[in-house]
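Worksheet: one structure, shown below.
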Amino acid sequence: MNLAANLTQAAFKWPHKTALVFEGRRWTYLQWNRRVNKTAHAFRAAGIGKGDRVAFLTYNLPEQVTGFYALMKIGAVPVPINYRLAANEVKYIVDDSQARILVFEEALRAPVAVIRADLAVEKLIYIGDEPAAGEIPFETFIAAGSDGEPEAQVGWFDPAFIMYTSGTTGRPKGVVRSHLAENMGSMSMALECGFRHADVILNNKPLFHIAQLQIQFVPFVQLGGTNVLTRGFDVDETLSLVGKERITTLHGVPTQMVMLAAADLSKYDLTSLRCGFYGGQTLADDVTRKCMALFPQFFANIYGSTEALAVTTCDYRMHPGKLGSVGRAAVNMDVRVIRSDSREPDDLCKPGEIGQLITRGPSLFSEYLGLPERTAAAFTQGWFCSGDAAFLDDEGFITVMGRMDHTIKSGGENIHPSEIENVLFKHPGIANAAALGLPSAKWGQAVCAAIVRRDPNLTPAMLDDFCLNSADLAAFKRPRHYFFVDEIPANPTGKVERGRLKELLIARFPAPLD
């Protein structure tokens with residue numbers, strides 16, 4: 001048994017059920033499984049075997065997910081690459097993963113062209129209409145493959161995927177995830193969110209990311225649901241497809257949920273929607289309530305990571321008094337908050353005390369590829385140390401404050417950015433906000449906030465007054481400097497790239513702040 005066996009079983013149990021939809025094309029489970037098998041035999045004929053890696057640089061495409069499942073059927077390992085990376089960043093992942101083949105599409109030819117001469121791969125497989133010399137068209141590559149099931153010895157503990165971290169600081173790390181971890185995480189998500197065989201999910205976030213691929217796409221294959229793919233996110237396309245494909249389930253990063261909540265929803269047929277969820281960052285309460293109305297049965301904040309998949313969930317329809325919380329431990333997961341300076345799992349924080357979130361369970365990753373010391377440092381007595389600051393309330397509901405290394409240290413006080421952001425998001429004149437510490441001659445770090453204005457007349461004085469009058473923010477924690485920006489840099493999951501934001505602001509204001 002392995003992750004790819006879920007597809008084989010789905011094709012046996014529901015051969016005529018729609019499995020994949022992409023730009024008007026449709027595949028049943030029987031049709032898709034046969035195509036996956038042809039691709040698996042083609043990879044094997046090309047010399048790819050158990051443990052070998054194949055990298056993918058594509059937008060969301062049927063060829064991409066077909067390749068993923070084909071490789072897993074023969075025990076090989078897909079390596080999805082972030083298509084937003086620069087050319088040398090792509091090369092780093094191809095090299096670091098020791099990928100033997102790179103699969104890419106025409107729309108992403110530019111970065112491949114820059115690094116092509118230096119790539120150590122054996123083959124370039126091309127998706128598109130105009131292959132260059134030396135590139136093998138995907139359809140040509142799989143044409144001779146048999147559509148019968150490939151024989152392979154692939155077990156639960158073998159690698160299923162290598163997913164690279166978003167790399168908001170330093171080089172991204174290759175997170176090796178086993179077939180067992182994927183299956184357990186998939187089942188956990190299905191149970192937590194109530195996914196059903198009849199459900200249809202829209203995959204409009206990048207499949208190179210853990211959230212879209214491995215806690216959404218994979219569970220729907222396991223259940224025999226329908227996966228609708230789009231190349232990326234567009235508000236009108238998303239809402240139009242809900243009616244056209246009778247989408248029941250939708251995930252979004254926070255910025256996308258904000259855009260959906262702000263759209264004129266009266267123009268669309270949204271009656272099929274029932275289940276929605278997001279993760280990565282806190283939503284403003286008014287946006288959360290709009291989303292709760294959009295998804296009548298379930299709307300949740302899912303907290304997780306590439307290393308652990310879904311760790312906690314909080315269905316706000318069931319717990320409307322817990323807005324902003326990430327909830328309690330997901331099925332099969334154990335979660336604790338321990339003191340920030342401790343490595344002892346039993347050194348627990350009291351309710352309301354901020355510490356580090358740790359977790360354990362069967363969906364944890366196997367290792368950081370080629371980094372045994374980093375792998376060892378990530379665990380303490382079997383618990384994964386998330387590096388995220390968090391606290392529990394009296395009922396055991398967890399609030400995540402952000403990365404521990406993003407803590408602002410000002411005048412001897414530790415201030416977490418989310419404490420400030422949760423207040424700023426309540427101001428009607430703010431479209432987006434991010435808090436951070438910048439160098440200060442007096443305080444070590446000055447508390448600052450980057451603001452994207454909804455109200456063009458918004459001023460620092462107005463914001464300072466708003467924070468001073470907030471019952472949720474101590475006066476010493478409020479920003480001393482406000483910077484109005486057009487946008488706040490974020491990674492594909494919607495998380496603020498604070499390092500990048502800090503660089504941008506220091507470039508604008510190089511002298512230490514008072």
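We number each residue from 1, following the sequence as shown.
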Find the distance between [atom1] ([X]) and [atom2] ([Y]) and round it off to the nearest 0.5 Å.
X: K205; Y: F233; atom1: NZ; atom2: CZ; value: 7.0 Å
X: F391; Y: T399; atom1: CZ; atom2: OG1; value: 4.0 Å
X: S186; Y: I215; atom1: OG; atom2: CD1; value: 10.0 Å
X: K173; Y: R374; atom1: NZ; atom2: CZ; value: 4.5 Å
X: L57; Y: L102; atom1: CG; atom2: CG; value: 6.0 Å
X: S340; Y: I354; atom1: OG; atom2: CD1; value: 8.0 Å

Under a 4.5 Å cut-off applied to non-hydrogen side-chain atoms, are [X] and [Y] in contact?
X: R328; Y: F397; answer: yes
X: F425; Y: D286; answer: no
X: L71; Y: V77; answer: no
X: S410; Y: S440; answer: no
X: K426; Y: D285; answer: yes

How close do I162 and Y164 get, heavy atom to heavy atom, and via which atoms?
CG2-CE1, 3.7 Å
So if I apply the side chain to side chain donor-acceptor pair (under 3.5 Å) rule between Y303 and each of D388, T359, T313, which one comes out positive?
D388
Is there a donor in the side chain of Q64 and an acceptor in the side chain of Y59, or the other way round, less than 3.5 Å apart?
no
Side chain of D465, backbone of A461: donor and acceptor closer than 3.5 Å?
no
Is a side-chain N or O of T249 found less than 3.5 angstrom from the main chain of C275, in a donor-acceptor match?
no
Ion pair present between R498 and E421, side-chain N to carboxylate O less than 4.0 angstrom?
yes
